[in-house]
Amino acid sequence: MNNFCDIIPHPDGWTYVMNGIESRCSFHTYELAVAAARVEMAKRKHSRVFRRMELNGDMLPVQPQPRSALNA
């Protein structure tokens with residue numbers, strides 16, 4: 001069974017959902033939401049599959065960018 005971290009649209013931008021619990025805050029960009037979710041996953045030492053909600057509501061797996069690409 002896969003554990004998912006869903007990156008979903010939020011009225012203020014983007015947020016993430018882990019274990020069915022939405023983050024307490026939202027982020028202006030998709031990339032910031034992914035980075036915050038990665039930090040939270042590292043704290044909990046979990047391995048998860050990232051998914052992104054598409055415009056039609058489908059949840060599609062995505063590969064988060066490595067940290068080196070985020071700092072470029």
Are Met18 and Ile8 connected into the same hydrophobic cluster when the rule is that any two of I, L, V, M, F, W, Y join if their side-chain heavy atoms are below 4.5 Å apart? no
Examine Met53 and Val17 and state if one hydrophobic cluster contains both, with Ile, Leu, Val, Met, Phe, Trp and Tyr joined whenever side-chain heavy atoms are less than 4.5 Å apart. yes
Donor-acceptor pair, Thr15 side chain versus Ile7 backbone, under 3.5 Å? no
Beyond-backbone contact of Glu22 with His10, side-chain heavy atoms, under 4.5 angstrom: yes
Distance col, row Cys5:SG vs Arg38:CZ, nearest 0.5 angstrom, shows 11.0 Å
How about Leu60 and Glu54: do any of their side-chain heavy atoms sit closer than 4.5 Å? yes
Evaluate the side-chain proximity of Lys43 to Met41: yes if any heavy-atom separation is below 4.5 Å, no if none is. no
Got a sec, which pairs hit salt bridge (charged side-chain N to carboxylate O under 4.0 Å, His left out) with one end in residues 5-20, sequence neighbours left out? Asp6-Arg51
Selection residues 15-37 - residue pairs positive for ring-ring contact (aromatic ring centres under 6.0 Å, His included), sequence neighbours left out: Trp14-Tyr30
